Amino acid sequence: MSSIVDPVTFDTIAPQPVRTVDGTRMLLRGGQGVVGAALILTALGLWVAPGASWDHELVLLKLLISAVGAMAGVALLQGFVRPAAPKIEVDTIRHEVRLVRIRGKDRFVLDRCAFKDLTRVEDTGTYLKLWGGNGALLAEVAASDRVAHRSLVTALRVAGKL
(Lines give C-alpha, C1' and ligand atoms only; values in the text may rest on other atoms or scores of the structure.)
Protein backbone atom coordinates (compact mmCIF):
# COMPACT_ATOMS: atom_id res chain seq x y z
CA MET A 1 0.00 0.00 0.00
CA SER A 2 1.64 3.23 -1.11
CA SER A 3 0.89 6.59 0.39
CA ILE A 4 1.19 9.88 -1.38
CA VAL A 5 3.06 12.52 0.57
CA ASP A 6 2.20 16.14 -0.14
CA PRO A 7 5.28 18.17 -0.98
CA VAL A 8 6.26 21.04 1.26
CA THR A 9 5.08 24.35 -0.19
CA PHE A 10 7.24 27.38 0.57
CA ASP A 11 6.35 31.02 0.08
CA THR A 12 8.22 32.43 -2.84
CA ILE A 13 10.49 35.42 -2.86
CA ALA A 14 11.48 35.42 -6.54
CA PRO A 15 9.78 32.46 -8.22
CA GLN A 16 10.32 33.49 -11.83
CA PRO A 17 13.54 32.74 -13.67
CA VAL A 18 15.87 35.72 -13.56
CA ARG A 19 15.36 38.21 -16.38
CA THR A 20 16.79 41.62 -17.06
CA VAL A 21 14.73 44.20 -15.25
CA ASP A 22 14.60 47.28 -17.43
CA GLY A 23 11.06 48.40 -16.60
CA THR A 24 9.59 47.62 -20.02
CA ARG A 25 6.91 45.28 -18.68
CA MET A 26 5.94 47.75 -15.98
CA LEU A 27 5.64 50.58 -18.52
CA LEU A 28 3.56 48.42 -20.86
CA ARG A 29 1.20 47.40 -18.05
CA GLY A 30 0.93 51.02 -16.92
CA GLY A 31 0.16 52.19 -20.46
CA GLN A 32 -2.38 49.40 -20.82
CA GLY A 33 -4.13 50.55 -17.64
CA VAL A 34 -4.20 54.18 -18.79
CA VAL A 35 -5.64 53.25 -22.20
CA GLY A 36 -8.23 50.97 -20.56
CA ALA A 37 -9.36 53.70 -18.15
CA ALA A 38 -9.48 56.22 -21.02
CA LEU A 39 -11.69 53.90 -23.10
CA ILE A 40 -14.11 53.43 -20.21
CA LEU A 41 -14.27 57.18 -19.53
CA THR A 42 -14.78 57.88 -23.24
CA ALA A 43 -17.64 55.38 -23.37
CA LEU A 44 -19.29 57.19 -20.47
CA GLY A 45 -18.48 60.61 -21.93
CA LEU A 46 -20.44 59.85 -25.09
CA TRP A 47 -23.64 59.96 -23.03
CA VAL A 48 -22.97 63.05 -20.93
CA ALA A 49 -21.42 65.28 -23.60
CA PRO A 50 -23.23 68.66 -23.74
CA GLY A 51 -25.17 69.39 -26.90
CA ALA A 52 -25.28 65.73 -27.94
CA SER A 53 -27.93 64.74 -30.43
CA TRP A 54 -30.53 62.18 -29.37
CA ASP A 55 -31.61 61.02 -32.83
CA HIS A 56 -32.50 57.35 -32.96
CA GLU A 57 -29.76 56.46 -35.42
CA LEU A 58 -27.10 58.30 -33.43
CA VAL A 59 -28.26 56.78 -30.14
CA LEU A 60 -27.87 53.30 -31.62
CA LEU A 61 -24.39 54.19 -32.90
CA LYS A 62 -23.45 55.68 -29.49
CA LEU A 63 -24.68 52.54 -27.76
CA LEU A 64 -22.58 50.34 -30.03
CA ILE A 65 -19.45 52.49 -29.66
CA SER A 66 -19.79 52.82 -25.90
CA ALA A 67 -20.42 49.08 -25.41
CA VAL A 68 -17.37 48.11 -27.49
CA GLY A 69 -15.23 50.81 -25.82
CA ALA A 70 -16.29 49.76 -22.32
CA MET A 71 -15.63 46.06 -23.01
CA ALA A 72 -12.21 46.83 -24.52
CA GLY A 73 -11.40 49.09 -21.55
CA VAL A 74 -12.34 46.42 -19.02
CA ALA A 75 -10.28 43.85 -20.94
CA LEU A 76 -7.25 46.17 -20.89
CA LEU A 77 -7.70 46.81 -17.18
CA GLN A 78 -7.81 43.06 -16.53
CA GLY A 79 -4.42 42.70 -18.19
CA PHE A 80 -3.12 45.67 -16.16
CA VAL A 81 -3.17 43.58 -12.96
CA ARG A 82 0.14 41.89 -12.17
CA PRO A 83 -0.18 38.10 -12.24
CA ALA A 84 0.21 36.25 -8.97
CA ALA A 85 3.58 34.63 -8.38
CA PRO A 86 3.66 30.85 -8.69
CA LYS A 87 4.19 28.69 -5.63
CA ILE A 88 7.33 26.66 -5.11
CA GLU A 89 6.87 23.02 -4.19
CA VAL A 90 9.92 21.23 -2.88
CA ASP A 91 9.33 17.49 -2.93
CA THR A 92 11.99 15.78 -0.81
CA ILE A 93 10.49 12.35 -1.55
CA ARG A 94 10.79 12.64 -5.35
CA HIS A 95 13.86 14.92 -5.06
CA GLU A 96 12.54 17.72 -7.24
CA VAL A 97 11.54 21.37 -7.19
CA ARG A 98 8.35 22.47 -8.97
CA LEU A 99 6.95 25.88 -9.83
CA VAL A 100 3.16 25.57 -9.69
CA ARG A 101 0.41 28.06 -10.58
CA ILE A 102 -2.94 27.37 -8.95
CA ARG A 103 -6.12 28.85 -10.45
CA GLY A 104 -9.21 27.77 -8.61
CA LYS A 105 -9.16 23.98 -8.55
CA ASP A 106 -6.71 23.70 -11.46
CA ARG A 107 -3.02 23.15 -10.79
CA PHE A 108 -0.48 23.87 -13.55
CA VAL A 109 3.17 22.82 -13.26
CA LEU A 110 5.18 25.61 -14.93
CA ASP A 111 8.63 24.15 -14.38
CA ARG A 112 10.23 21.23 -12.59
CA CYS A 113 13.81 20.33 -11.89
CA ALA A 114 15.27 17.29 -10.16
CA PHE A 115 17.77 17.94 -7.37
CA LYS A 116 20.48 16.18 -9.37
CA ASP A 117 19.90 18.56 -12.32
CA LEU A 118 20.35 21.76 -10.28
CA THR A 119 23.48 23.59 -11.40
CA ARG A 120 24.04 25.46 -8.15
CA VAL A 121 22.59 25.74 -4.64
CA GLU A 122 23.39 28.44 -2.08
CA ASP A 123 22.51 27.90 1.57
CA THR A 124 22.58 30.91 3.90
CA GLY A 125 20.85 29.95 7.12
CA THR A 126 17.18 29.35 6.39
CA TYR A 127 17.43 30.88 2.94
CA LEU A 128 18.20 28.78 -0.15
CA LYS A 129 18.80 29.82 -3.77
CA LEU A 130 18.31 27.10 -6.37
CA TRP A 131 19.59 27.41 -9.93
CA GLY A 132 17.94 25.20 -12.57
CA GLY A 133 19.51 23.00 -15.20
CA ASN A 134 19.90 25.88 -17.66
CA GLY A 135 21.84 28.01 -15.16
CA ALA A 136 18.98 30.44 -14.52
CA LEU A 137 17.72 31.16 -11.02
CA LEU A 138 14.84 28.74 -10.48
CA ALA A 139 13.72 29.71 -6.99
CA GLU A 140 14.62 31.46 -3.79
CA VAL A 141 13.19 29.65 -0.80
CA ALA A 142 12.88 30.94 2.75
CA ALA A 143 12.05 28.02 5.03
CA SER A 144 10.70 29.10 8.42
CA ASP A 145 9.97 25.53 9.56
CA ARG A 146 13.15 23.91 10.94
CA VAL A 147 12.09 20.36 10.13
CA ALA A 148 11.24 21.23 6.51
CA HIS A 149 14.52 23.10 6.09
CA ARG A 150 16.52 20.23 7.56
CA SER A 151 14.72 17.75 5.31
CA LEU A 152 15.45 19.88 2.23
CA VAL A 153 19.12 20.36 3.11
CA THR A 154 19.51 16.62 3.76
CA ALA A 155 17.90 15.77 0.41
CA LEU A 156 20.19 18.26 -1.37
CA ARG A 157 23.24 16.76 0.35
CA VAL A 158 22.19 13.26 -0.73
CA ALA A 159 21.90 14.57 -4.31
CA GLY A 160 25.42 16.03 -3.99
CA LYS A 161 24.41 19.67 -4.33
CA LEU A 162 25.49 20.92 -0.90
Side-chain angles (χ1 to χ4, degrees), residues 6-91 94 96-115 117-145 148-149 152 156:
D6 287 334
V8 177
T9 302
F10 293 98
D11 290 331
T12 59
I13 296 170
Q16 300 280 349
V18 174
R19 297 186 185 116
T20 57
V21 181
D22 60 354
T24 305
R25 298 181 105 195
M26 182 182 67
L27 287 175
L28 286 175
R29 274 200 314 263
Q32 188 175 355
V34 169
V35 170
L39 280 172
I40 291 173
L41 291 175
T42 303
L44 293 174
L46 281 175
W47 297 100
V48 295
S53 175
W54 290 96
D55 291 336
H56 294 294
E57 295 85 15
L58 285 178
V59 169
L60 187 60
L61 184 63
K62 275 186 187 180
L63 181 64
L64 177 67
I65 290 172
S66 63
V68 169
M71 286 188 286
V74 168
L76 285 172
L77 284 177
Q78 289 291 324
F80 171 66
V81 177
R82 184 177 179 181
K87 294 288 184 186
I88 296 175
E89 290 183 356
V90 179
D91 193 345
R94 293 187 181 127
E96 69 179 6
V97 179
R98 292 185 293 269
L99 291 178
V100 179
R101 185 170 308 263
I102 299 171
R103 290 188 185 142
K105 294 181 181 179
D106 296 330
R107 184 176 172 273
F108 304 101
V109 177
L110 301 175
D111 195 9
R112 72 177 57 212
C113 185
F115 287 171
D117 296 333
L118 294 172
T119 56
R120 198 167 99 200
V121 176
E122 285 182 17
D123 182 13
T124 55
T126 60
Y127 186 74
L128 289 165
K129 288 184 180 182
L130 308 169
W131 276 265
N134 57 358
L137 182 65
L138 179 66
E140 296 179 16
V141 182
S144 58
D145 182 18
H149 178 70
L152 175 58
L156 288 169

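Positions are given from 1, in the same order as the sequence printed here. Keep in mind the model is a prediction, meaning the values are calculated, not measured.
Considering CG of Leu130 and CG of Leu156, their distance stands at 6.5 Å, rounded to 0.5 Å. Here the straight-line distance linking atom CD of Glu89 with atom CD of Glu96 works out to 9.0 Å at 0.5 Å rounding. Atom CG of residue Leu63 and atom CG of residue Leu58 lie 12.5 Å apart, to the nearest 0.5 angstrom.
Between Glu57 and Lys62, none of the side-chain N atoms (NZ, or NE/NH1/NH2) sits under 4.0 Å from a carboxylate O, so this pair counts as no salt bridge.
For Arg29, there are no salt bridge (charged side-chain N to carboxylate O under 4.0 Å, His left out) partners two or more places apart in sequence or in a different chain.
Between Tyr127 and Glu122 the shortest side-chain heavy-atom distance does not fall below 4.5 Å. When side chains are defined from C-beta on, Val97 counts as touching Phe115, because their heavy atoms get closer than 4.5 Å. The closest side-chain heavy-atom distance from Ile102 to Val100 is below 4.5 Å. By the 4.5 Å heavy-atom criterion applied to side chains, Val90 and Ile88 are counted as neighbours. In this structure, Leu76 and Ile40 have side chains that are not in contact, with every pair of non-hydrogen atoms separated by 4.5 Å or more. Taking 4.5 Å as the limit, every side-chain heavy atom of Gln78 sits out of range of all side-chain heavy atoms of Gln32.
The two residues Ala70 and Ala43 have their closest heavy-atom pair at N-CB, 4.0 Å. For the pair Cys113 and Leu118, the tightest heavy-atom approach, listed with the atom from each and the gap, is SG-CD2, 3.7 Å.
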Could you walk me through whether Arg112 and Arg94 satisfy the side-chain contact (heavy atoms from CB on, under 4.5 Å) test, starting with their C-alpha distance in whole Å, then the side-chain angles of each, then the deciding distance to 0.1 Å, before giving a yes or no? CA-CA 11 Å; Arg112 72 177 57 212; Arg94 293 187 181 127; over 6 Å; no
Can you check side-chain contact (heavy atoms from CB on, under 4.5 Å) on Asp91 and Arg98, steps first, answer last? CA-CA 8 Å; Asp91 193 345; Arg98 292 185 293 269; 3.5 Å; yes
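Applying the side chain to side chain donor-acceptor pair (under 3.5 Å) test to pairs two or more places apart or on separate chains, those with a residue in residues 40-50 are Trp47-Ser66.
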